[in-house]
Amino acid sequence: MAASAFIPGASIEELDVPVERVSVIMGDTRVTPDQGKTTASLNVIRGSQPIRIAAAEARAALIKLGAEELGIIEADLDVSDGVVHPKGALSNGVSYGELIGDKNFSITLELAGTTEEDISRGVMLQQNAPLKPPADYTVIGQSIPRPDIPAKVAGTYQYVHNVRVPGMLHGRVIRPPSMGSELLVVSDAPIRDIPGARLVRRNNFLGVVAPREEDAIKAARALMPEWSVVEPLPEFDRLYDELPSQPVIAEVMSYDDGDIAAGLGAGQHRHKASYNFPFQEHAMIGPSCAVADVRADHATIWSGSQWPQGDRSDIASMLGMALDDVQLIWHSASGSYGRLACDDAAADAAIMSQIIGSPIRVQWMRDDEHGWEPLSPAMTMSIEGACDENGRITAFDYLQYSPSHSTGEKGNHIAWHLIGGAPGWGRMSGSGAALWYDIEAKRARNIYVEPWLRGIYLRSPGGFQSIFAYERFIDELSTQAGIDPLTFRLNNVSDPREHDVLQAVAEMSDWNSGTPAQTAGDRNSLAGRGIAMGRYGREGGSISALVVDVTIERVSGKIKLERVFIAFDCGHVINPDGLLNQVEGGLLQGLSRALHEEVRFDRKKITGLDWNAYPIITFTEIPEVETRLLSRPDLPWASAGEAGQVATAAALANAVANATGGRPNRLPLKPDYVKTLI
């Protein structure tokens, strides 16, 4: 939810003011509109339209005021750096500040859509004043430094963890042994000697508060509650066998074109394969945190939520308060992508504050974060397809079993379940990504099943998983057909953007010279190179193509990332430096998910509660990265935050297949698994 560069960029461009004069108010529900949640890379699409139009309307109104002030018709006026002036005469103007002075400056703008469905997509405005053509841009397309970086480097940036409120107490939640357990007996006797410690309970929700954080931690560890014990989870080693047997909630078709049977029959080379993807965590390096001050007539929540208005609505309902009496003030959380446990921390703090009557700060511990955050769901996928003798794909039939990626989205805070009355949420999300290859007969069936654990979207939900399967299958089919994987992909795309990113990454990596990575191995190691591409997002989406070079130790199976090349097209680039950070950040997170990340559990609960049990990529593992951004000023701004990740796992797995000759069709690519492929 960090202030994206497009937000000031769009307003600066249309208002004609200097960059340093624009600041952004983020996520305070009392003063900001409801633009939905920051998800699915929709910030640019949802946020830029209203801010650009509002800025353009303001500029037009200010030029009108300037015309009255200067006695010059509007057509003969221009704006530079916030000064309205006669065209060609900068020194004879009047500034915006002088025009407004201490008067109220208010313009009524019309909504572009007023239905509930329109509003759910974010507030969009009717355009009346003209917008600048791309040829006249002076800010958009430039690398504008992020204003938050200096404070983060200096260690002075104010995260939600730094929020302090007068009279605030520190809270900790005591977790049940498994979701569904009931609290049978608890006594405050073990904490009576801890200064200021108090037990907090509502039904199955159990916590402690104390004036000092270390005392709250001590009290939480001292309590000895008795719980009922349930076993709601499958055997870990049977996860993918049992997933398709779970009760079906919904069946959704992502796409369904052509005659699959005829397409399979027309192919000379036919292939079928299955792919498995584990439960994964957001794994925020700084655990979740929130502060709540709940009074009889008003509640204020400080949170890093990615959906301030939605979380505010949930907390109001959970507390039994009117929506207008609840305010959520956004502060940056410690980082990750997808809806996080910071929403759960806010609910924890709100319930404790309502019971105790004082402001409460809840800081999750590492075992809270790893053990109780909502997860990216496990998925099992299968594909059957075929191609002709020229490498043209004649059929592609995709089938996916998974829980929805949205069951933890709304009405599902852990605390709400524990106190009772959580309504739950039934939106289905995480379907197979739209397929970009030119295939007449293609189908994607998504079977949503009953979840074992709360599911929530993690970067590129459904897309990261399905594109891993798509691009592994494409490589396997190209191998079966005896065609180079780059050539095979080029044979099956006609969109110039897709063609260009493939050609760009081939040029960057010198692909056609004969995969130089394969010459890097020795008797103790194997070397391989993999290619993959992905398309993800709305408004035409963004397209990435990657080449990954690896070496693999024969004895241990450990993968070393050598080089990664990535070409990326998201239409018109707004802020090159910001986009580069998004693309390369997504790349590294995707590599981490592919190499290491897997939630482990027993029949009762998640068992991997620290970084040893749930490792993420480290600095020493990061490869050399070369990135090329393909800007297209003739195209609209597209979503970009997730497309940099979607093909990373597939490219890495294809490199492992190239090195080992095996078929790495499940993640993560841990050494013990890789050894089975050699």
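Keep in mind that the numbers below use all heavy atoms, side chains included, and drop hydrogens, waters and symmetry copies. Quick caveat, the model's predicted, so the values are computed rather than measured.
Sequence neighbours left out, the pairs with a member in residues 612-629 that pass salt bridge (Lys or Arg N to Asp or Glu O under 4.0 Å) are E507-R628. Applying the salt bridge (Lys or Arg N to Asp or Glu O under 4.0 Å) test to pairs two or more places apart or on separate chains, those with a residue in residues 246-275 are R270-E384.
Taking 4.5 Å as the limit, some side-chain heavy atom of I617 sits within range of a side-chain heavy atom of L561. Looking at heavy atoms from C-beta onward, P374 lies in side-chain contact with D344 at the 4.5 angstrom threshold.
Residues satisfying the ring pair (Phe, Tyr, Trp, His ring centres under 6.0 Å) criterion with F488, sequence neighbours excluded, are absent altogether.
Under the 3.5 Å distance criterion, with hydrogens and angles disregarded, a donor-acceptor pair is assigned to the side chains of S431 and Y448. For the residue pair T407/N412, the side-chain donor-acceptor check at 3.5 Å is not satisfied. Side-chain atoms of E584 and T627 form a donor-acceptor pair, as typed in the model, at a separation below 3.5 Å. Using modelled atom types and a 3.5 Å distance limit, the side chains of Q465 and Y275 yield no donor-acceptor pair. Judged purely by distance below 3.5 Å, without hydrogens or angles, the side chains of H271 and E476 pair a donor atom with an acceptor atom.
Relative to the six-membered ring of F236, R600 meets both conditions, a distance below 6.0 Å and an angle of at most 45° to the axis.
The residue from F473, Y255, W436 that alone fulfils the ring-ring contact (aromatic ring centres under 6.0 Å, His included) condition with F396 is F473. For the side chain to side chain contact (heavy atoms under 4.5 Å, CB included) with S376, the lone residue among R593, H282, E597, E281 that qualifies is R593. A side chain to side chain donor-acceptor pair (under 3.5 Å) with R489 holds for exactly one of H499, E471, E498; it is E471.
Between the side chain of R529 and the backbone N or O of S509 there is at least one donor-acceptor pair closer than 3.5 Å.
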